[in-house]
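Comments concern the structure below.
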Amino acid sequence: MQRDHNHPTIVTIEKVIDETPTVRTLIFSDEVMSEALPGQFAMVWIPGVNELPMSIMISKEPGKAAFTVRKHGLASTGLFNVKEGEQIGIRGPYGNSFDLKEGKLLFVGGGTGLVPMMRLLTFVRPRDDVTVLIGAKTKNEVFFEDLAKSLLEEHHHHHVIVSTDDGSYGEKGFVTDVVEKLLSKTHFDGVYTCGPEIMMYKTVQSANSRHIFVQASLERMMKCGVGICGSCCVGTDLACRDGTVFDGLHLSKNKEFGYFHRNKAGILEHY
Amino acid sequence: MQRDHNHPTIVTIEKVIDETPTVRTLIFSDEVMSEALPGQFAMVWIPGVNELPMSIMISKEPGKAAFTVRKHGLASTGLFNVKEGEQIGIRGPYGNSFDLKEGKLLFVGGGTGLVPMMRLLTFVRPRDDVTVLIGAKTKNEVFFEDLAKSLLEEHHHHHVIVSTDDGSYGEKGFVTDVVEKLLSKTHFDGVYTCGPEIMMYKTVQSANSRHIFVQASLERMMKCGVGICGSCCVGTDLACRDGTVFDGLHLSKNKEFGYFHRNKAGILEHY
Amino acid sequence: MEPSLETSIGQIQLDRPVMLASGILGISLDVFKRLYLSGAGAVVTKSLSIEPWEGYPNPTILSVKGGGWINAVGLSNPGAPNFAKMIEPNKDVPIIVSLVGSIPEDFEMMIKQFEHCQVTAYELNLSCPHVAKVGLEVGDDPELVKKIVTAVKNSTNVPVIAKVGLGTSNYLNTVGTAIDSGIDAITAINTVRAMAIDAEIQRPILSNRYGGLSGTPIKPIALRCVYEISSKYDIPIIGCGGISTWEDAIEFFLAGASAIQLGSAIGDNWITVFHEINKGILQYMKRKDYSNIQEMVGLAKRS
Amino acid sequence: MEPSLETSIGQIQLDRPVMLASGILGISLDVFKRLYLSGAGAVVTKSLSIEPWEGYPNPTILSVKGGGWINAVGLSNPGAPNFAKMIEPNKDVPIIVSLVGSIPEDFEMMIKQFEHCQVTAYELNLSCPHVAKVGLEVGDDPELVKKIVTAVKNSTNVPVIAKVGLGTSNYLNTVGTAIDSGIDAITAINTVRAMAIDAEIQRPILSNRYGGLSGTPIKPIALRCVYEISSKYDIPIIGCGGISTWEDAIEFFLAGASAIQLGSAIGDNWITVFHEINKGILQYMKRKDYSNIQEMVGLAKRS
Ligand SMILES: Cc1cc2nc3c(=O)[nH]c(=O)nc-3n(C[C@H](O)[C@H](O)[C@H](O)COP(=O)(O)OP(=O)(O)OC[C@H]3O[C@@H](n4cnc5c(N)ncnc54)[C@H](O)[C@@H]3O)c2cc1C
Ligand SMILES: Cc1cc2nc3c(=O)[nH]c(=O)nc-3n(C[C@H](O)[C@H](O)[C@H](O)COP(=O)(O)OP(=O)(O)OC[C@H]3O[C@@H](n4cnc5c(N)ncnc54)[C@H](O)[C@@H]3O)c2cc1C
Ligand SMILES: Cc1cc2nc3c(=O)[nH]c(=O)nc-3n(C[C@H](O)[C@H](O)[C@H](O)COP(=O)(O)O)c2cc1C
Ligand SMILES: Cc1cc2nc3c(=O)[nH]c(=O)nc-3n(C[C@H](O)[C@H](O)[C@H](O)COP(=O)(O)O)c2cc1C
Ligand code: FES
Ligand code: FES
């Protein structure tokens, strides 16, 4: 029978990589997921634990894909603890993708929000001028810096900048301050961001105010991933089906973006 | 949505032709049925009346097909009475087809058993030597004689022979006596028959005894047409799915062929 | 004359006969507006309880290989009071408020919350197949159905619909009891209790184990329920279950439904499905020369 | 060690766990032999009545767009006496004789007919959803179920199976009653009452209007029934409903079935389906290192 993308397909975790003490990358074989577009996500079933949305991470080997998970609550800790040889269920890929411009490009990622940024980097052309901004609270939460660099090896012009809130590594300060500084200095042809919503909100604001094309990939509570349950709604939008990637101009008209998300009961909560 | 062959598709009867006082041909447009193989049948729903199996008759126009029905009991009379512009439901095509040999071919049909013979004639090559035998009780039950002739127009060697039991038209006697006569005179490369079971039984016997390749298309009580209900079983065979066309050698080993059929309750009845 | 898509389900008047079913995309007024503009004649809210409910943990929804969906969302909802506040500004969208509860007082309390809201109708969920003490557990108890419907009818002048489904009793009796107690219309049916197990993992996939089957697989079941209800009772019916094409919609009208609801089709075809179905119904009506929906309702019952 | 496909359903021992369901291709001993040679572990006959029944007029079967079949064959059958005579010569094929009737005496009389036949088990059809006075009308009546099962158990030493389905009462109670009355095993489920209407013709398609839905659409429902029964009762179960692949078969074993039956899959994939499923089960057992079916039965119930 043909694969049903909305029914869990069982895959085996083949390799686990520790990125930081609380972040791990789990690699598995799956043709469909290996060809996911940047920004697309999967619903990941950890049997006996929970199911949660995860951006689809790249893997160096063809036919493989990965998830990069930060250990947090029940579900993510369950995934974080999956060992090599153990099985999980995946459905998807879900969601749209980015509209990649040409020229001078800025990528702004925080935490596991870097995952779609990494996949997007694999689509950038060698002649583009690429800046990757990695934000973290502190030094030992920084990851994917080397990966970003190696993905950009063939590019003449590229910068990978890390900023930490406490200055323990790279530039000191909020990543959004670096964004503001960069955008005020030079013109960019496209800005792409994924990470904590406040980070994305400020990045979108900085770009919008300068009429720079910007896209952000949103996170919301997700149950179905296909636009049935409604749990992921952001104003009139359903993050899972209309997004997760939205244009900055569209987001600037959304009353909830940057301010509210909904909890498991669907009640609006302030960020 | 793609067409579901096992769910009735509604078609409109575009033309009705009287073949004899009790036999009519109903023509309709349907790509799928127009491409049915010789010997295949449809389950025909006459709304409010019944559903019954009907061999798929040819039509001169592309994209069209037909049924040729003899008025008999409730269901066939219902179909016989369908007027131009009225709708019926059809599902299928069901069943296998004939294995058409080359060379000297004999077609033996009685009554509406001529329907698959007519479709089969359209596949015969001009260089084949073709004999069509049409059997009927009496003169005004003869039909398709002209059609058979016109289908064979381009053939150098062809004969259309009619025999009636009462001798009111064509040769006098049972069609199976003509078969026996023909087969005893000349070698045939293939014999094809459809019609009353006794006619087919004798034809198969005549051919088998001379080691001549012969195929017959069987009729049995049919409800599903797909091999679920079991009502069409003939020994180990399901007429609808294994047939309706069977080789003479296979039939010679079947204890029911020529002797028994099952009624609506599934009880074996003698012919 | 151009045929009209208007329909009435008893006192309920709608511009278009296709509604959003309860529980689908149903927690935000902004989304309701969008669905209305996409062609939905009305939206039914998620089933609301007095208190907010988180629902079951994930996995809560998955598709079935070969068609349809199984869900055990567990009636997660923000609670009637929060919800009423959210829809208070609404003037444009016909909103049908779906309610779940265990006792008459639950329903009375919730209806009070909507005093200042424009509510097109209430739909009593007597048929959720996977949450204890509400839904089917209520629908399968005739005494309770009687008490709840009577209480609700005494609390509001807005039309009240009972949503029924296949439980552990004869749903036709539930319909009968609801009618005797004054119900204005019936929605049939809810999801059908079902399960998905993964052969590799060797466990039920839903966290709640049991869930409700929706989408194409249940259409023939829902259609027979509408036909059965309309053959037995004289009550306006809203058909629901597996509807995804205009042909499905017509079949439900012919079986006796004055309007329809859909949910799962959105997962398969997204929200353009409303427009597609409306368009198909109109074309059918033109071809068959009908001027309004009501002319078709129940036609399949003639012998 | 090569895993074994042998299974036992209580006292019933089978070489292979996949059977032909009742009503499918089930009127001729020749065909039974063929199915057995194709890989069926046993064949269940059409449900037999005392007298021959013609069943309903055509149309009696059609497929549903989007999957599955609806039938209202109407239990056409040659009658128990004729049938018993036909299978008398059988020595090789495990035949399970399915019976329908309205009162205990019907069943007692029929069982007498099979005195000289080799019968692997009797299956009481308490669940046909579209014929009056038998099937579900019996299954929904606990008193009658008790009387019939008791009478049948007193008439024969051959194992007796009750086949249940979704009717107008709680089928779990029917199972409980049957167990209390001495039943040896349960088959779950029969078809689910349903309907098909044609939008163009504006009529129900089946001559009987109502029929039973079978095939893929009912699989998630059947699976939950097996899981529910095996969670509540300690009784051997035969799973039936929508099974068409080895994965489906495994899921039913995990839910608690010791064997399975299939019907509709033959319409979709023809009789090679038995061999395909047997092969798939064996490969799965090798991969998961099971030596016999029983090791899997009910595994999905662990928490
Ligand atoms: C499209 C998308 C892609 C994501 N990609 C990644 C990724 O690549 N790596 C990663 O580590 N995390 C990712 N997340 C976040 C992840 O899904 C979880 O939200 C997060 O791991 C915390 O979950 P938890 O259940 O462990 O925490 P909990 O303590 O149970 O919940 C904490 C908070 O997490 C959020 N959350 C919980 N469950 C869900 C859910 N089903 N859907 C959305 N949010 C939920 C809620 O805001 C909740 O309040 C992504 C989320 C979305 C929506
Ligand atoms: C594969 C196949 C192709 C056929 N093709 C044609 C054709 O092209 N033209 C034509 O006129 N007839 C054809 N028939 C015969 C036709 O289906 C009917 O059997 C016949 O018309 C008499 O049906 P009735 O219901 O009117 O008669 P009734 O008086 O109701 O029945 C008379 C006898 O007809 C047979 N019969 C009735 N219903 C069925 C059924 N559902 N399936 C099979 N036999 C049945 C039985 O032997 C029955 O005893 C075909 C039959 C089969 C099996
Ligand atoms: C994810 C999901 C959530 C649902 N939640 C509710 C609910 O809260 N209240 C309710 O009455 N029905 C609920 N239902 C049932 C639907 O309203 C509808 O009756 C059922 O899905 C059948 O219609 P469909 O086949 O068009 O989806 C839900 C269905 C789904 C799929
Ligand atoms: C054409 C047809 C006839 C049936 N006849 C019977 C019957 O006589 N007795 C019975 O118990 N079940 C009967 N059934 C039900 C099947 O035995 C089975 O329970 C049901 O079809 C579900 O299995 P499936 O999805 O594999 O077909 C019939 C089903 C079909 C499709
Ligand atoms: S996650 Fe269900 S609608 Fe988006
Ligand atoms: S007609 Fe049903 S099996 Fe052949």
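By convention in this document, chain letters (A, B, ...) are assigned in the order of the sequence lines, proteins followed by strands, and residues within each chain are numbered from 1.
- Other residues, nucleotides and ligands contribute over 12 non-hydrogen atoms within 6.0 Å of the NZ atom of C:K288.
- Within residues 187-214 of chain D, the residues approaching chain C closer than 4.5 Å by heavy atoms are, in numerical order, D:V192, D:R193, D:A194, D:M195, D:A196, D:I197, D:D198, D:A199, D:E200, D:I201, D:Q202, D:R203, D:P204, D:R209, D:Y210, D:L213.
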Please step through side chain to side chain contact (heavy atoms under 4.5 Å, CB included) for the pair C:T168 and D:L166, ending with a clear verdict. CA-CA 9 Å; C:T168 57; D:L166 299 187; over 6 Å; no
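- Of the listed residues (D:G167, D:A300, D:G215), the one with the most heavy-atom contacts under 4.5 Å to chain C is D:A300.
- If you measure heavy-atom distances from C:L299 to chain D, the contacts under 4.5 Å come from both the backbone and the side chain.
- Within residues 234-242 of chain C, no residue has any heavy atom under 4.5 Å from a heavy atom of chain D.
- With sequence neighbours excluded, the residues satisfying ring-ring contact (aromatic ring centres under 6.0 Å, His included) with D:Y284 are D:W246.
- The contact list for residues 260-271 of chain D toward chain C, using heavy atoms and a distance under 4.5 Å, is empty.
- Atoms CD1 and CD1, from C:I218 and D:I218 in turn, are 14.0 Å apart once rounded to the nearest 0.5 Å.
- In this structure, D:K301 places its NZ atom where more than 12 heavy-atom neighbours from other residues, nucleotides or ligands lie under 6.0 Å away.
- In this structure, the side chains of C:T216 and D:T216 stay at 4.5 Å or more apart for every pair of heavy atoms.
- In this structure, the portion of C:S231 lying under 4.5 Å from any heavy atom of chain D is its side chain and not its backbone.
- At a 4.5 Å heavy-atom cutoff, C:K219 makes no contact with chain D through either its backbone or its side chain.
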